[in-house]
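In what follows, chains are A, B, ... by sequence order, proteins preceding strands, each numbered from 1.
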Amino acid sequence: MKRGNLARAIRAFPWSGKLGLALVLFWITIALVGRLIAPYPSGAFVSYEVFAGASGKFWFGSDFLGRDVLSRLLVGAQFTVGLSAVAVTIAVALGTGFALTAAVGPRWLDELLSRAMDTLISIPSKIFALVLVAAFGSSILLLTLIVSITYVPGNFRIARSLAVGLARLDYVEVARARGEGRPYIALVEILPNMIRPLFADIGLRFVFIVLLLSGLSFLGLGLQPPDADLGSLVRENVNGLGEGALAILVPALAIASLTVGVNLLIDAATQGKVQ
Amino acid sequence: MNPAPHVEVRNLIVTVPGPDGAPLRIVDDVSFEVARGEVLALIGESGSGKTTIALALMGYGRGGAAISGRIRVGDATLDGGGASLAAQRGRQISYVAQSAAAAFNPARRVIDQVIEPALIHRTASSGDARASAVELFRALGLPSPETIGSRYPHELSGGQLQRLMAAMALITRPDLVIFDEPTTALDVTTQVSVLQAFRRVVRQQGATGVYVSHDLAVVAQMADQILVLNRGRVREHNRTGKLLAAPADDYTQLLIAAAHPHVKAQAAVPAKPEPLLEIAGLHAGYGPIDREGRPTLPVLSDVSLTIMRGAAVGVIGESGSGKSTVARVVAGLLAPVTGTVSLAGEPLAPTVSGRTREQLRRVQIVFQNADVALNPAHSVGDILGRVLRFYHDLRGADAQRRVAELLDLIRLPAAVAERRCDELSGGQKQRVNLARALAANPDLILCDEVTSALDTVVRGAILDLLADLRRDLGVAYMFISHDIATVKALCDEIVVLYKGTTVQSGRRESYDTPPLHPYTDLLIRSVPELRPGWLADETVQAAAPFAHMPESTHLCRLLPRCPLAISGRCDAIAPPLRKTSAGHMLLCHRTEAELIG
Ligand SMILES: Nc1ncnc2c1ncn2[C@@H]1O[C@H](COP(=O)(O)OP(=O)(O)OP(=O)(O)O)[C@@H](O)[C@H]1O
Ligand code: SF4
Ligand SMILES: [Mg+2]
């Protein structure tokens, strides 16, 4: 029954939504199996020519050190999609968790959380990252944490306004009058009614995180060589820009298609559900 | 000489995909026209297609409805011009819906929401819109019109929200206003003033109106012509006076008969002479408590009442009188400032957190608005199952069996358990809402306006159900309503609240004859009568001699509205509580003899 609904909803998408869905599914697949289907090890120097064009051997040519662009892209996509997914999960879990606590908790706790989030949101994300990386050195763990924490307050704001609105509805009052505890009220009565609008937010934050991670990598603060995400691929091949090398165009296109795809999908999914 | 009518509908047919896929006509060949400045009423029971027609006027079909026929509003026609109609809606056509509570965003101040249409359609600047909103608040009789806008929706009563919603619809000075049961959820004294306000504002603005209702008596006051609908077909269409005086169609005759509900004779249910709930000296309100121990917004002052085991006690009063507040205090959702609430002799803690689960189980609350009282994310089975698990630790097959029993008790098929609440009709939702309370096996159910949002036929069925449940299960009710006829149908005893004080209490029969408290009298006289001029007559009701006096908490709260106020007494000292010879209590300076006279 649920499945049928989903299929029907997808069929009702406009073409842009279907394109978005296809792009998202494509990138999820790449993230899952990319490492397995990469023709060469991602760090191996396989070509004598740098910034080579497309050929039967190297579909997307070679990079500034003569490595296979396709292989690096397949592995890099896994970092980008995987890290972003983990980071968005942490950000939303924390943001929405705090929001629910604020909505069902005592007023002072709500005030405290809201003020703390306001403070956090006022710190520019790149500078925040810069300071932390300078202090602790770049690592995947730190990177994930930085990126997640950056997006907690934004999610908190949206989730809190949703939750506070829902917490005043009669069905929540009924649950309160029954003697239900706060966790039950937050998780069973309120949370399920926030899911749809939250999904839109999750999608958007995912896009922001992909862009932030790529941006950080481009600045050299992100993943450190030999690991590389899509952003690092763009950065390390930046010298190829003048000759229009595939090594820089392909990862840039990859970032674009991933973020555009997620956006199109969110638009379609949230619009169809207004009524 | 006849200019073209302002609104013209020809052969309107609305079809929706039926359950078996075959198209289903929910509106079948309806035609009418409305001249500029006139009001047409669409009347019929729930499901008769009233709202569908109203929505079609705005070029809007719900859930894949296909509209055919010709609809013209002003210069815009629907055939081929659907887009232009859509652009008009909200500016030249506006809509006042039944459930104002659901139409407001709980997290924004009401004034911002009221002026939003004017800003969206750019008919006024923000400052002007605010000014005209305040004008409308005043015209609509809202208290403190300058400041009421800065409140949040949950700080306002149902009647206040309904009027705010009308203000939202009228702020753009629309040509056509569609009222969809706008007073169904209001109490009578409010309804009278809201109806008067609507009529005045509609006349002032020269707007054309389409008024959707199931209540003939209300429609008789508002409309120039009436169209009676049944199952999507026109049964009768005539000028208001003619239709009421000489109904031609047998369905119209039925409706006219139902307008005066004959309460089904009930076997009296003996209440056991053992007090179940005792409320004594209750003071309560909202907002922070000041140094003298009074809340910023005091609502209840010195309310006392007792409910015997198995009894049904009605609480009536107008919107904002604090009826729901009483229920909220009893349920432990709001801590009283002073006063005690005890259940079967045991004093109850002020809030839920201090009460035992057993105490909580014994008192259940059912809210007014079933649309927001049931969580749309859960199925009926989950909702009932949770209560069973919470209070009775019933799980699995036992719980399922009990859910089926409960559904049977409220006369819904067991298959409803699988359904989500947003798939149910209004009457069904209200039954589920009741079943959730019953699932706890309570001794007392606090019913807060459980029938107010329902139409006459469904309301009758729910009242019958409540009466049967009481007889079979021995459950007691605190039945809150603004409708004295409904309360009389169900309750043995009635308490009348005015601005948070009890002005009269006593057995049901004592409300049939004088002496009545002046406010009770007003309540009873506010029930609309089935004749066109009634609303106009009602405005010439005796003037109150102290209408200029501000309301004071130390004097009778009714003073500014009371036609019987005595100079030198009512405006000087608080009224005494009198016991009449018939055994009921009145809070008034007037003696029994004076009130009869
Ligand atoms: N949470 C709240 N905060 C502040 N004021 C409130 C709150 N809830 C209700 N009020 C105010 O308290 C007064 C009494 O409200 P209450 O809901 O008890 O009235 P009511 O008699 O049930 O009215 P109605 O018939 O319209 O439901 C009203 O003036 C209302 O505006
Ligand atoms: S006490 Fe006076 S003002 Fe109050 S209801 Fe009685 S007569 Fe009217
Ligand atoms: Mg109420």
Side-chain angles (χ1 to χ4, degrees), chain A residues 1-2 4-5 8-9 11-12 96 99-100 102-111 114 156-199 272-275, chain B residues 60 62-64 101-102 104-108 152-155 288 324 327-328 330-334 351-361 363-378 382-383 386-387 389-391 418 420-422 433 436-437 439-440 442 446 448:
Chain A
M1 163 98 193
K2 275 238 162 83
N5 281 346
R8 211 172 319 133
R11 237 174 290 133
T96 306
L100 287 170
V104 299
R107 175 161 288 182
W108 61 263
L109 189 59
D110 182 16
E111 284 291 314
S114 300
F156 171 83
R157 278 197 180 175
I158 292 196
R160 181 186 167 277
S161 77
L162 284 169
V164 166
L166 291 168
R168 288 183 187 143
L169 290 183
D170 287 355
Y171 55 80
V172 177
E173 290 278 271
V174 171
R176 226 173 257 146
R178 186 158 68 226
E180 299 284 3
R182 287 180 174 149
Y184 174 89
I185 290 180
L187 297 178
V188 184
E189 299 286 349
I190 298 181
L191 184 61
N193 292 297
M194 296 167 56
I195 297 281
R196 276 180 190 176
L198 266 187
F199 259 113
K273 282 180 182 153
V274 169
Q275 267 301 319
Chain B
Y60 180 69
R62 277 189 292 198
F104 280 95
N105 176 345
R108 292 178 60 204
Y152 287 95
H154 72 282
E155 296 170 340
S324 301
R328 291 169 56 84
V330 174
L333 291 171
L334 179 71
T351 57
V352 168
S353 54
R355 300 184 183 180
T356 66
R357 193 166 284 200
E358 179 62 10
Q359 287 170 335
L360 293 171
R361 179 191 68 75
V363 180
Q364 292 292 308
I365 187 162
V366 180
F367 282 112
Q368 181 161 4
N369 200 334
D371 285 336
V372 284
L374 299 174
N375 194 330
H378 299 171
D382 290 343
I383 289 176
R386 174 64 194 178
V387 182
R389 189 157 79 238
F390 191 79
Y391 290 127
E418 309 291 318
R420 286 234 316 255
C421 303
D422 49 5
N433 209 356
R436 172 171 54 193
L446 310 170
D448 189 355

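Separation of atoms CZ (A:R178) and CZ (B:R386) is listed at 6.5 Å; rounding is to 0.5 Å. If you take CG on A:L169 and NE2 on B:H154, they are separated by 11.5 Å, rounding to the nearest 0.5 Å.
Among B:V372, B:V363, B:V352, the residue making the largest number of heavy-atom pairs under 4.5 Å with chain A is B:V372. Chain A forms the most heavy-atom pairs under 4.5 Å with one residue out of B:L374, B:I383, B:N433, and that residue is B:L374. Most heavy-atom pairs under 4.5 Å with chain A: of the set B:A331, B:A377, B:A437, this distinction falls to B:A377. Taking chain A as the reference chain and counting heavy-atom pairs below 4.5 Å, the highest number among B:A107, B:A373, B:A440 is found for B:A373.
Annotation: A:Y184, atom OH; neighbour count of heavy atoms from other residues, nucleotides and ligands within 6.0 Å is above 12.
Residues satisfying the side-chain hydrogen bond (donor to acceptor under 3.5 Å, both in side chains) criterion with B:R108, sequence neighbours excluded, are B:E116. Partners of A:E111 according to the side-chain hydrogen bond (donor to acceptor under 3.5 Å, both in side chains) rule, which considers only residues two or more places apart in sequence or in another chain, are A:R115.
Between A:A177 and B:I365, the shortest heavy-atom distance links the atoms CB-CG2, 4.0 Å.
Contacts of B:R436 with chain A are made by side-chain atoms alone, with heavy-atom separations under 4.5 Å and no backbone atom involved. With a threshold of 4.5 angstrom between heavy atoms, A:V174 approaches chain B through its backbone and through its side chain.
The backbone N or O of A:V188 lies less than 3.5 Å from a partner atom in the side chain of B:H378, making a donor-acceptor pair. Here the side chain of B:N375 pairs a donor or acceptor atom with the backbone of A:E189 at under 3.5 angstrom.
Between A:R176 and B:L333 there is a side-chain heavy-atom pair separated by less than 4.5 Å.
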